[in-house]
Amino acid sequence: METWAPMSIEKNGLRVRFAPSPTGALHIGGARTALYNWLAARHGGGELVLRIEDTDLERSTPENVAQILDALRWLGLDWDEGPISQVGRADAHSEALGRLIESGAAYRDSATADDVKAWKAEHGADRGYRGEPSADGTGAIRLRVPDEGDTVVDDLIRGEVRFPNRSYDDFVIARGDGSVLYNFAVAVDDADMGITEVIRGDDHLSNTPKQLLVFEALGIEPPRYAHVPLLHGPDGKKLSKRHGAASVQELRDAGYLPAAIRNYVALLGWGPGDDETLLSTEELVSRFRPEDVGRSSAVFDEKKLRWMNGRYMREMPLGEYQAAVREFVDAETGGRPLNEERFAFGCEIVQEKAQTLQEVWPLIRFLFEPPVEDEKAWRKVMKGQAGRVLDEVETLLSGIESGDGGPNRDGFTIGNVQAVLEPLPEKLEMGAGKVFQPIRVAITGTTISPGIFESVAALGREESLARIASARLRVPDTGEETEQA
RNA sequence: GGCCCCGUGGUGUAACGGUUAGCACGCCAGGUUUUCAACCUGGAAGCGCGGGUUCGACUCCCGCCGGGGCUACCA
């Protein structure tokens with residue numbers, strides 16, 4: 001259960017906010033909005049306020065709140081104030097509401113949804129609903145919207161966007177019971193919290209005039225707005241929970257690194273202006289400006305994230321990388337104890353090729369368990385001269401003087417294994433593939449593995465010899481082709 | 001339907017009146033005299049359409065088409 005932080009009402013300097021609605025997990029689009037706010041705050045030496053828009057009692061849950069905060073922390077996006085519950089500000093909202101009713105800017109209207117619909121049918125589709133104060137003082141509370149003029153959003157990204165006032169309803173700002181609605185609560189909160197720039201998704205652009213109208217009714221200077229384009233799924237629709245691995249939690253489980261996600265997501269709709277693609281978080285902070293964000297929507301492309309994640313994995317300090325992999329391996333193995341030396345070495349030999357933390361284990365699993373034999377690989381490789389190759393390999397590896405002190409240790413090092421195996425194709429007058437693939441299959445069970453010298457050295461002398469011998473028994477003698485049943 | 005936003009290769013972007021339209025991912029082909037998802041090299045692939053403005057338009061204007069958002073007593 002998260003605890004709510006007290007709110008301050010400072011008003012100096014840049015103040016931005018991230019205001020998620022806890023109706024589900026934080027998805028990649030929300031993460032990007034959070035990142036842009038965070039970057040703007042850090043870049044400008046300002047402050048980031050985290051506010052939870054939980055006024056939708058039906059759909060907001062404490063679990064979702066906890067999950068969102070957890071996702072933000074994991075991403076490395078910290079905030080200076082909050083989390084502040086919007087519901088917790090009910091008093092401030094009622095106070096503002098009272099002022100608007102007092103001044104006549106808002107009124108109670110007993111019209112039902114059907115009444116409004118009927119009114120619109122009568123007055124035309126481009127005409128916003130205009131109500132009447134109810135005689136008995138009941139009904140929802142609506143804000144009066146002028147018929148004339150435009151409300152202009154001076155957007156940092158879009159420029160001036162004009163909305164005709166007459167196209168907006170006298171919209172409901174509070175329910176009949178006095179509980180406030182989104183467009184009202186947001187304006188009151190942004191005002192009270194001294195927010196100077198609102199950086200949020202494009203889906204709020206059409207709502208901004210309503211919020212501006214609230215500011216005007218309240219007599220308060222509104223913040224500046226920057227509406228960033230939405231992220232779309234491959235189907236072209238607004239990215240939502242329905243689109244695959246779209247939540248931060250899922251990306252985490254898939255083995256992506258926070259730094260890579262930050263880099264990738266920042267580039268969705270924004271670029272540093274030159275051809276740089278790999279940008280450290282420090283560079284992101286120093287180069288990001290909300291006004292440089294593009295205007296068109298972008299599609300989340302996991303392939304590119306994978307590539308970028310691989311780049312980050314290769315640049316990680318070895319120990320940090322091993323620790324990160326460990327979590328995934330433990331999840332996979334149920335946390336059973338492993339030969340630590342082998343684990344550390346195994347991680348090392350695949351750091352150059354893995355693109356996510358998740359794919360490390362399948363590559364090094366053979367070091368801890370009997371090889372899971374890939375039947376297809378076996379059939380393809382263990383034929384022809386394979387038996388002869390294994391015989392030779394057995395002799396050569398036996399010849400390496402070594403206690404079996406551990407992976408890559410004593411005489412059984414990558415270098416020594418390579419020294420005896422590398423000349424083998426020439427010696428047998430065979431192609432390298434014909435020689436190394438059978439060894440690989442004997443050692444790892446399949447044709448996809450870390451480098452063969454590394455794999456053998458990691459397994460160690462005794463186990464390598466045992467696997468070679470075991471495989472040899474099942475490989476037909478030289479010359480006998482077996483396209484077995 | 002109404003109001004609003006957007007439109008450079010499959011994807012993310014750069015160039016913003018004059019360039020062979022650049023970069024990255026992905027894709028394809030080679031290479032890496034050992035696999036591979038890593039790495040290297042090369043290649044295919046783009047200015048939505050139609051009118052203007054201009055000596056000259058991806059870049060400016062208009063129309064169209066296409067995509068998206070909002071239009072709740074949701075956020």
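Naming: A, B, ... by sequence-line order, numbering from 1 per chain.
Judged by a 6.0 Å distance limit and a 45° cone about the ring axis, K210(A) is positioned over the six-membered ring of F171(A).
No side-chain donor-acceptor contact under 3.5 Å links D203(A) and H227(A).
The gap from the P atom of C73(B) to that of G68(B) amounts to 25 Å, rounded to the nearest Å. When the C1' atom is compared between A21(B) and U59(B), the two are found 11 Å apart, to the nearest whole Å. Look at the C1' atom in both G69(B) and G22(B): the space between them is 32 Å, to the nearest Å. Taking atom P in both A15(B) and G7(B), one finds a spacing of 14 Å when rounded to whole Å. For the P atom pair drawn from G48(B) and G10(B), the interatomic distance equals 11 Å after rounding to whole Å. For G43(B) and U53(B), the C1' atoms lie 39 Å apart once the distance is rounded to whole Å. G9(B) and C64(B) have their P atoms separated by 23 Å, with the value rounded to a whole Å. The same atom, C1', is picked in G18(B) and in C36(B); the two are 48 Å apart, to the nearest Å.
With respect to E122(A) and K117(A), no salt bridge is recorded, no charged nitrogen being found less than 4.0 Å from a carboxylate O. A salt bridge is defined here as a Lys NZ or Arg NE, NH1 or NH2 lying under 4.0 Å from an Asp or Glu carboxylate O, and R306(A) with D301(A) fails to meet this definition. In summary, R365(A) and E332(A) do not engage in a salt bridge, as defined by a charged side-chain N under 4.0 Å from a carboxylate O.
Atom OH in Y264(A) sits about 12 Å away from atom P in U11(B), given to the nearest Å. For the pair N263(A) CG and G12(B) P, the interatomic distance rounds to 17 Å; values are reported in whole Å. Protein atom CZ of F171(A) is 17 Å distant from nucleotide atom P of C70(B), rounded to whole Å. Between the P atom of A75(B) and the CZ atom of R51(A) lies a distance of 12 Å, rounded to the nearest Å. The distance between atom CG of D203(A) and atom C1' of G67(B), rounded to the nearest whole Å, is 16 Å. Put simply, NZ on K353(A) is 9 Å from P on A37(B), counting in whole angstrom units. Atom CE in M313(A) sits roughly 12 Å away from atom P in C39(B) (whole-Å rounding). Between the CG atom of L278(A) and the P atom of U13(B) there is a distance of 17 Å, given to the nearest Å.
Once rounded to the nearest 0.5 Å, the distance linking CZ of F412(A) with CG of L459(A) reads 8.5 Å. We find the OG1-CG distance between T208(A) and D155(A) to be 7.5 Å, quoted to the nearest 0.5 Å. Note: I199(A) CD1 to L39(A) CG = 9.0 Å, rounded to the nearest 0.5 Å.
Minimum heavy-atom separation, N309(A) to L357(A): ND2-N, 4.5 Å. Residue P20(A) comes nearest to R51(A) through the heavy atom pair CD-O, 3.2 Å, listed as atom of the first residue, atom of the second, then distance. Closest of all the heavy-atom pairs between V360(A) and V325(A) is CG1-CG1, 3.6 Å. Of all non-hydrogen atoms in G24(A) and I68(A), the two that sit nearest each other are O-CD1, 3.7 Å. For the residue pair R200(A) and R17(A), the shortest heavy atom distance occurs at NH2-NH2, 3.8 Å. Across every non-hydrogen atom of Y107(A) and R130(A), the tightest pair is OH-C, 4.2 Å.
In this structure a side-chain-to-backbone donor-acceptor pair under 3.5 Å is present from R461(A) to I400(A).
The residue G128(A) sits apart from the nucleic acid: no heavy atom pair falls under 4.0 Å. Within 4.0 Å of L363(A), counting heavy atoms only, lies at least one base atom of the nucleic acid. Using a 4.0 Å heavy-atom distance criterion, T55(A) is classed as a sugar-phosphate-only contact.
Picking from A75(B), C39(B), U35(B) the nucleotide with the shortest atom distance to the side chain of R314(A) gives C39(B). For K120(A), counting side-chain heavy atoms from C-beta on, the closest listed nucleotide (A72(B), G69(B), A75(B)) is A72(B). Side chain of V299(A), nearest nucleotide from G68(B), C73(B), G12(B): G12(B). Relative to the side chain of A298(A), the nucleotides U13(B), A72(B), U35(B) differ in distance, and U13(B) lies closest.
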Inset, instruction - Would you please test S179(A) and R175(A) for side chain to side chain donor-acceptor pair (under 3.5 Å) and show each step? - result: CA-CA 5 Å; S179(A) 61; R175(A) 301 179 178 95; 3.0 Å; yes

Inset, instruction - Check step by step if salt bridge (charged side-chain N to carboxylate O under 4.0 Å, His left out) holds for E429(A) and K427(A). - result: CA-CA 5 Å; E429(A) 296 183 306; K427(A) 180 179 168 192; over 6 Å; no

Inset, instruction - Apply side chain to side chain donor-acceptor pair (under 3.5 Å) to D126(A) and S167(A), showing your working. - result: CA-CA 5 Å; D126(A) 63 337; S167(A) 68; over 6 Å; no

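An OP1 or OP2 oxygen of A38(B) is reached within less than 4.0 angstrom by a side-chain nitrogen or oxygen of Q355(A). In this structure, K117(A) does not reach the U71(B) phosphate: none of its side-chain N or O atoms is under 4.0 Å from OP1 or OP2.
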Nucleotide N/O of nucleotides 43-45 of chain B paired with protein N/O under 3.5 Å:
none

Just the atom pairs and distances: protein N or O near nucleotides 23-25 of chain B's N or O, under 3.5 Å.
| from | atom 1 | to | atom 2 | distance (Å) |
| --- | --- | --- | --- | --- |
| C23(B) | O4' | D275(A) | OD2 | 3.4 |
| A24(B) | N3 | K304(A) | NZ | 3.1 |
| C25(B) | O2' | K304(A) | N | 3.2 |

Each nucleotide N or O in nucleotides 28-33 of chain B that has a protein N or O under 3.5 Å away: list the pair and distance.
none

Produce the list of close N/O pairs, under 3.5 Å, pairing protein atoms with atoms of nucleotides 61-66 of chain B; give distances to one decimal.
none

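When each of N183(A) and D292(A) is assigned the nucleotide of RNA chain B bearing its nearest heavy atom, the one mapping closer to the 5' terminus is D292(A). Two residues, R440(A) and W270(A), neighbour RNA chain B, and the one matched to the more 5' nucleotide by heavy-atom proximity is W270(A).
For the salt bridge (charged side-chain N to carboxylate O under 4.0 Å, His left out) with R142(A), the qualifying choice from D169(A), D170(A), D109(A) is D109(A), the only one to do so.
If you look at W361(A) and F368(A), their ring centroids are closer than 6.0 Å.
Within 6.0 Å of CD on Q67(A) lie more than 12 heavy atoms contributed by other residues, nucleotides or ligands.
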Inset, instruction - Scan nucleotides 2-7 of chain B nucleotide by nucleotide, 5' to 3', and note B when protein non-hydrogen atoms come under 4.0 Å of the base, S if they reach only the sugar-phosphate, - if neither. - result: SSSSSS

Inset, instruction - Dot-bracket for RNA chain B, please, read 5' to 3', with Watson-Crick or G-U wobble pairs under 3.5 Å on both distances, ( ) within the strand, [ ] crossing, | other strand, . unpaired. - result: (((((((..((((....[...)))).(((((.......)))))....(((((..]....))))))))))))....

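One N or O donor and one acceptor, one from the side chain of N207(A) and one from the base of A75(B), sit under 3.5 Å apart.
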